[in-house]
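The structure appears right after this line, and notes come after that.
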There are 2 protein chains.
Amino acid sequence: MLEHSCIKININFSFMHKKIRIIDIAKMAGVSKGTVDRVMHNRGNVSDSARIAIEKVLEKVNYKPNIHVSAISLKSRYKIIVTTPEVSPGAYWESIHNGIRHALEEYENVRVELQVFTYNQYDVYSCRETYEKIAAFEMDALIIGPTFNEETVNLCKKMDEREIPYIFVDSAIEDTSPLAFFSADHYVCGYMMAKLITSIIPDHANIAIFQAVRTGDRSANSTILRKKGFTDYLEKNRCTNLILSIPFSVTAPEDNEMYLSRLFRSQRDIPAIVVLNSRGYFIANYLATNHIKGVKMVCMDLTTANIKALKKGQIDYLIGQEPEYQGFYAMKTLLEYLIFKKTVTKKNYVQLDILTRENIDFYKNFNNIMY
Amino acid sequence: MLEHSCIKININFSFMHKKIRIIDIAKMAGVSKGTVDRVMHNRGNVSDSARIAIEKVLEKVNYKPNIHVSAISLKSRYKIIVTTPEVSPGAYWESIHNGIRHALEEYENVRVELQVFTYNQYDVYSCRETYEKIAAFEMDALIIGPTFNEETVNLCKKMDEREIPYIFVDSAIEDTSPLAFFSADHYVCGYMMAKLITSIIPDHANIAIFQAVRTGDRSANSTILRKKGFTDYLEKNRCTNLILSIPFSVTAPEDNEMYLSRLFRSQRDIPAIVVLNSRGYFIANYLATNHIKGVKMVCMDLTTANIKALKKGQIDYLIGQEPEYQGFYAMKTLLEYLIFKKTVTKKNYVQLDILTRENIDFYKNFNNIMY
DNA sequence: TGTAATTTAGTGCTCGAGCACAGTTGTATA
DNA sequence: TATACAACTGTGCTCGAGCACTAAATTACA
């Protein structure tokens, strides 16, 4: 008979797990719990002797406040502004807003007055005007879902002057000093998309990239980075695929079908399309209605429309960037910074989920995880 | 100038968000909060008239208990047993145990006496003996990480007789009636692995499968399902790849290198290896030390060793099955069932994460998500 | 040295669900 | 009608962090 083990571990939480409370620290330091609280939250009005005694105890013990009790006993009031591109149902930005809302629900005792300002992400003038309005407002903090570089830098400068903390979601902007950002690594994202698309098409096959055209001839920050990652992968791996660009107009959507049909007329063989924004479903639908088959597709974002196309087999790989998680942690981080003066991790890169028609049914967005 | 919008939404939580408390329901129904509590937790000792009045109010309002308050005001005591294959550091089962522990931390006020029994997953006798010990114990509930079908069915029968609820993690066993299970859909998992491996190798290329040999000639439940999914994919898509089996012995590990070298001697061209258990790193290391290059690999589980091999580029795709999530929700579900008599969703399939060397650095296991 | 101003420390209330215990009905039986 | 016993219901305490309010100690200054 073989050797075998049978480990028996007794974890009796009533004995072990003696969790340290604020009052325990107070007793150890020979002060009252009020004083401990003042030291831990930097509220001042504490003598040096008391402060040092408490700090010594804090070094020794590993105090972790009971988050549940914290959440119910808060009484603060804050005014927070959120600005992002416009929100449409089932789409990317809605998920970010959902995440933000969930964070507020977690701290339901905190009175937060939330103001949401949206702008047209394809129109720099809309963004500029919205940002000007925001700059004039009173607030305790700001969450920014940025698109245009220059405008965002300007807004951030004003916030810096007024010493108002701000956090980025979706992507971070250079030359600003945010409290933190929550975003995907867009460069790696593009790099990975290149790897995925080239793995499922023949060498030297053509690849078309679908890209939005913006007012003022400027692309969104994230798209630029993704494209850089994409081309860098091809270069690094000595891929000789021909890259075609498909323009995509938001202001004149009637032109888009034309762009596509022009492409498919001029190029006989387009075995692969990569969409660096969340409009993958648009091309998937075009291909389906025009009975164009055998085109491999790698697209971004788990929007309702994209998921549908993935399940139908029109899209091969869909990349998710956890928008609910981004929104949730942006707001959570902000609140904990404002309330508890908690130290903040500045750079926060979210997961890049790879979804296929096989594993999409098991995908849990952050909503499911939380409740 | 283009049209653009600037939506301003005021979400003032002090006005809106009037959250309904237990005492509000009591007032509406004209009873005391104690009675409402009794109705909601099915504790009995309530007159029909009071019960009906409260149930009517509950239908109208959308009451959600404040989870934070719930967590701090519990006073129950429970004895729970966990049985899984042996745990080794950085490996699959450790993650499941971590998840279980985290759930206990979330309900730190509940006094849980936890007993862990592990068995050798490659030795049916070890399992049998461990299960016999467990069957004799007193407990309020049981969490099972099963391997052997027959033995598990026997244990479950005894639990059914004693009316002790049990939950499966990792995989569910047929002919049992668990309270719930948390596992990946192993069939789909194998199916997806077949899709991934065939997408990165030439048609008709050979594929080797690495499989453990068990005492009593029986494979683990999950591995059987994965293999079924794997072969079904190949059949369905008319793949003509030749499938080779590599045996893998745990009892005589010195034989494994021999098995591998024998394979690579007999077959000149093995461009792909699929590992349906979490030992992918073992083959990756063999290939590396023997300077065998160009072999594509798809493996299971985000163990420390596998992640290392993925980052080095030895493994191409690694499939994760959220072990922390499984453990966490198994214990959480159990506690909420015992304490609150909460209704339980029986079938719970976890996410199948696809990891590559590009997105592995951003992967958050459940530990990170929670804290 | 006495009084006001200021700093520092401590006490006690808040949040809401859970739950033990006391208190109040109603019904049955001597 | 008195008493026992059940069935039911309401009251009040618990958990621990936050924070307001009060009390005490210290300093400032006439």
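Chain letters run A, B, ... following the sequence lines, proteins first and then strands; every chain starts at 1.
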Can you give each donor-acceptor pair under 3.5 Å made by side-chain atoms of residues 157-166 of chain B, sequence neighbours left out, with the distance rounded to 0.1 Å?
unit_1: B/Asp160; atom_1: OD1; unit_2: B/Tyr166; atom_2: OH; d: 3.0
unit_1: B/Asp160; atom_1: OD1; unit_2: B/Ser177; atom_2: OG; d: 3.4
unit_1: B/Asp160; atom_1: OD2; unit_2: B/Tyr166; atom_2: OH; d: 3.4
unit_1: B/Asp160; atom_1: OD2; unit_2: B/Ser177; atom_2: OG; d: 3.3
unit_1: B/Arg162; atom_1: NH1; unit_2: B/Ala135; atom_2: O; d: 2.5
unit_1: B/Arg162; atom_1: NH1; unit_2: B/Phe137; atom_2: O; d: 3.2
unit_1: B/Arg162; atom_1: NH2; unit_2: B/Phe137; atom_2: O; d: 2.5
unit_1: B/Tyr166; atom_1: OH; unit_2: B/Ser177; atom_2: N; d: 3.0
unit_1: B/Tyr166; atom_1: OH; unit_2: B/Ser177; atom_2: O; d: 3.4

Ignoring hydrogens and angles, tell me if any N or O in the side chain of B/Gln326 forms a donor-acceptor pair with the backbone of B/Val169 under 3.5 Å.
no
Under the salt bridge (Lys or Arg N to Asp or Glu O under 4.0 Å) test, residues paired with B/Lys342 that sit two or more places apart:
B/Glu336
Steps toward side chain to side chain contact (heavy atoms under 4.5 Å, CB included) verdict (A/Asp170, A/Gln321):
CA-CA 9 Å; A/Asp170 179 62; A/Gln321 44 177 336; 4.2 Å; yes
With a 4.0 Å cut-off (strictly under) to non-hydrogen atoms of chain B, the first and last hit nts on DNA chain D, 5' to 3', are D/dC8 to D/dC15
Would the distance check show the side chain of B/Thr83 and the main-chain N or O of B/Phe117 forming a donor-acceptor pair, the cut-off being under 3.5 Å?
yes
Fit a plane to each ring of B/Tyr349 and A/Phe362, take the angle between them on a 0 to 90° scale, and name the class: parallel (under 30°), tilted (30 to 60°) or perpendicular (over 60°).
tilted
Numerically ordered, the residues 43-56 of chain B set in heavy-atom contact under 4.0 Å with DNA chain D is B/Asn45, B/Val46, B/Ser47, B/Ala50
Could A/Lys27 and A/Asp24 be called an ion pair, given the rule that one side-chain N must be under 4.0 Å from one carboxylate O?
no
Can you list everything that forms a side-chain contact (heavy atoms from CB on, under 4.5 Å) with B/Arg51? Sequence neighbours excluded, please.
B/Val39, B/Val46, B/Asp48, B/Glu55
Face-on cation placement of B/Lys332 at B/Phe182 ring, 6.0 Å and 45° thresholds:
no
Tell me which residues in residues 33-42 of chain A lie within less than 4.0 Å of DNA chain D, going by non-hydrogen atoms.
A/Lys33, A/Asp37, A/His41
Side-chain donor/acceptor of B/Lys19 to backbone N/O of B/Lys64, under 3.5 Å:
yes
